[in-house]
Number of protein chains: 2
Amino acid sequence: MADSGTPGGETLLFLTDEQLRRGIEAMFFAYRAFTADPDRLLEEHGYGRAHHRALHFINRQSGLTVTTLLALLGVTKQSLNRVLRTLIEDGLVESRVGRRDKRERQLFLTEEGLTLERALSEAQRGRMRSAYRAAGPQAVAGFRQVLEAMMGADLQRIYQQMKEE
Amino acid sequence: MADSGTPGGETLLFLTDEQLRRGIEAMFFAYRAFTADPDRLLEEHGYGRAHHRALHFINRQSGLTVTTLLALLGVTKQSLNRVLRTLIEDGLVESRVGRRDKRERQLFLTEEGLTLERALSEAQRGRMRSAYRAAGPQAVAGFRQVLEAMMGADLQRIYQQMKEE
DNA sequence: TTGGATAGTCAACAAGACTGACTTAAAGTC
DNA sequence: GACTTTAAGTCAGTCTTGTTGACTATCCAA
């Protein structure tokens with residue numbers, strides 16, 4: 001983008017198909033490991049990855065509406081609803097009628113929901129923390145830069161917005 | 001690991017729960033984008049992500065056995081089999097009886113399989129390439145370092161092995 | 001040669017995504 | 001006040017992709 005194709009320069013070094021393929025495979029393997037720890041915990045509770053994602057974002061942005069959560073997760077209403085219903089029935093999530101707009105439902109974690117979210121989050125952070133430690137601060141900065149560039153403009157806007165709330 | 005907890009140093013700067021959470025969210029959003037391009041292509045052909053993964057590794061390591069592929073993908077034999085069967089029926093993959101051990105099946109891509117694999121791979125590499133360009137060589141090195149640390153020792157061994165073949 | 005381990009296949013099932021059609025309630029508009 | 005739009009939720013049905021259990025074929029070793 002800001003890079004004006006320096007011919008033969010180091011820019012080309014890491015853009016061979018082989019290098020790109022290494023990156024693709026690294027993403028595949030790393031993502032699998034990344035979800036493995038919380039997955040184990042979830043299974044003990046009879047939940048799936050979908051429940052984890054819902055808990056994560058409700059915790060992250062307490063009081064968010066169903067539509068907002070939908071946009072963050074990128075799934076359909078029906079798909080989210082099944083997950084949300086079980087979480088509400090099990091007393092992990094509370095759904096209150098919106099204050100300003102009564103059509104909306106605002107979502108909150110209960111004490112129990114918070115407890116599970118923390119356990120899941122801690123399992124995931126543990127792996128992230130040791131990866132960060134092993135790789136060092138400079139690598140971490142690069143890691144985030146590449147991921148942000150990879151997610152594309154639309155997701156980047158959503159991702160950056162969450163920073164400020 | 002090699003890091004001896006420099007108190008107050010820059011090591012601590014990026015290990016706050018907030019920083020770790022940013023990393024977790026970046027992984028989530030980036031992985032979604034990462035799979036989105038091939039997913040579109042796959043849908044046109046009536047395939048899913050599982051078919052993509054199979055094609056990728058069969059291409060990567062032509063003639064590999066079902067068991068080897070199983071280990072790479074980390075799924076059950078039965079799950080892979082359904083995917084593999086459709087690929088064979090559709091003439092994208094060829095399954096030959098193992099030369100040494102007749103119990104084994106060796107897997108190869110046909111011309112048609114190679115064509116689809118290249119299209120999928122190119123869609124995915126496109127995004128990876130522009131992310132790499134945008135972030136720069138140093139960031140890319142860091143990206144890979146963190147992913148490798150994150151995947152853990154077991155997967156790292158598998159991942160590194162593939163390098164040399 | 002018999003018996004156990006390994007490689008792969010077939011069948012049935014469950015989770016979690018999807019689409020489409022519909023209801024209810026509230027908000028906004030003419 | 002009647003009409004339209006929006007937010008949420010529901011019902012029904014499908015698809016992909018994961019699971020377990022039972023089975024066949026082959027290899028190897030006692």
Side-chain angles (χ1 to χ4, degrees), chain A residues 28 31-32 35-36 38-56 58 63-90 93-108, chain B residues 28 31-32 35-36 38-58 63-90 93-108 120:
Chain A
F28 171 65
Y31 196 79
R32 217 166 71 193
T35 53
D39 278 0
R40 264 188 295 277
L41 241 167
L42 284 159
E43 203 184 4
E44 291 171 23
H45 292 256
Y47 295 127
R49 215 173 279 177
H51 300 85
H52 182 191
R53 294 195 285 256
L55 290 173
H56 174 97
I58 296 172
L64 86 179
T65 65
V66 173
T67 305
T68 306
L69 184 55
L70 235 38
L72 289 170
L73 297 177
V75 295
T76 60
K77 196 169 39 163
Q78 296 88 331
S79 192
L80 173 59
N81 211 262
R82 190 173 356 95
V83 167
L84 222 42
R85 192 165 38 198
T86 69
L87 289 174
I88 291 168
E89 277 169 9
D90 295 354
V93 169
E94 199 190 338
S95 164
R96 298 185 209 148
V97 171
R99 274 178 313 173
R100 298 183 320 191
D101 190 331
K102 286 180 188 169
R103 289 172 305 179
E104 293 179 343
R105 298 287 177 276
Q106 294 189 280
L107 303 170
F108 302 87
Chain B
F28 171 65
Y31 196 79
R32 220 166 67 191
T35 53
D39 278 359
R40 263 189 296 277
L41 241 168
L42 285 159
E43 205 185 3
E44 292 171 22
H45 292 255
Y47 295 127
R49 214 172 281 177
H51 300 86
H52 182 191
R53 293 195 286 256
L55 290 173
H56 174 97
F57 285 112
I58 295 172
L64 85 180
T65 64
V66 173
T67 304
T68 307
L69 185 53
L70 234 39
L72 290 170
L73 297 177
V75 296
T76 60
K77 203 165 31 166
Q78 295 86 333
S79 186
L80 172 59
N81 208 261
R82 192 173 348 95
V83 167
L84 225 40
R85 190 166 41 200
T86 69
L87 289 174
I88 291 168
E89 278 169 9
D90 295 354
V93 168
E94 199 190 338
S95 164
R96 299 184 209 148
V97 172
R99 276 176 314 174
R100 299 182 320 193
D101 190 330
K102 286 181 189 166
R103 290 172 303 179
E104 293 180 344
R105 298 288 177 276
Q106 293 190 281
L107 303 170
F108 303 86
L120 291 168

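Order of the sequence lines fixes the chain letters, A, B, ..., with proteins taken first and strands second; residue numbering starts at 1 for each chain.
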Residue whose closest nucleotide on DNA chain D lies nearer the 5' end, A/L84 versus B/G48 |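 Looking at DNA chain D, the more 5' nearest nucleotide goes with A/L84.
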Of all heavy-atom pairs between [X] and [Y], which one has the smallest distance, and what is that distance?
X: A/T76; Y: A/L70; answer: O-CD1, 3.9 Å
X: A/I88; Y: A/S95; answer: CD1-CB, 3.8 Å
X: B/L72; Y: A/F28; answer: O-CE2, 3.9 Å
X: A/R99; Y: A/Q106; answer: N-OE1, 3.7 Å
X: A/A54; Y: A/V83; answer: CB-CG1, 4.4 Å

Reference residue B/D39; test side-chain hydrogen bond (donor to acceptor under 3.5 Å, both in side chains); the match among B/R49, B/R32, B/H52 =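 Only one of B/R49, B/R32, B/H52 forms a side-chain hydrogen bond (donor to acceptor under 3.5 Å, both in side chains) with B/D39, namely B/R49.
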So, do A/I58 and A/L84 sit near enough that their side-chain heavy atoms are less than 4.5 Å apart?
->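 With C-beta onward as the side chain, the pair touches.
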Is there side-chain contact between B/F57 and B/T68, with heavy atoms separated by less than 4.5 Å?
->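 No, side chains not in contact.
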5' to 3' on DNA chain C, which nucleotides open and close the contacts with chain B (atom under 4.0 Å from a heavy atom)?
->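 That gives a stretch of C/dA5 to C/dA11.
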Going 5' to 3' along nucleotides 18-30 of chain D, which nucleotides have protein heavy atoms under 4.0 Å from the base (write B), which only from the sugar-phosphate (write S), and which from neither (write -)?
-> BBBB----BS---
Closest-nucleotide ordering on DNA chain C, the 5'-leading residue of A/Y47 and B/T65 |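 So the residue in question is B/T65.
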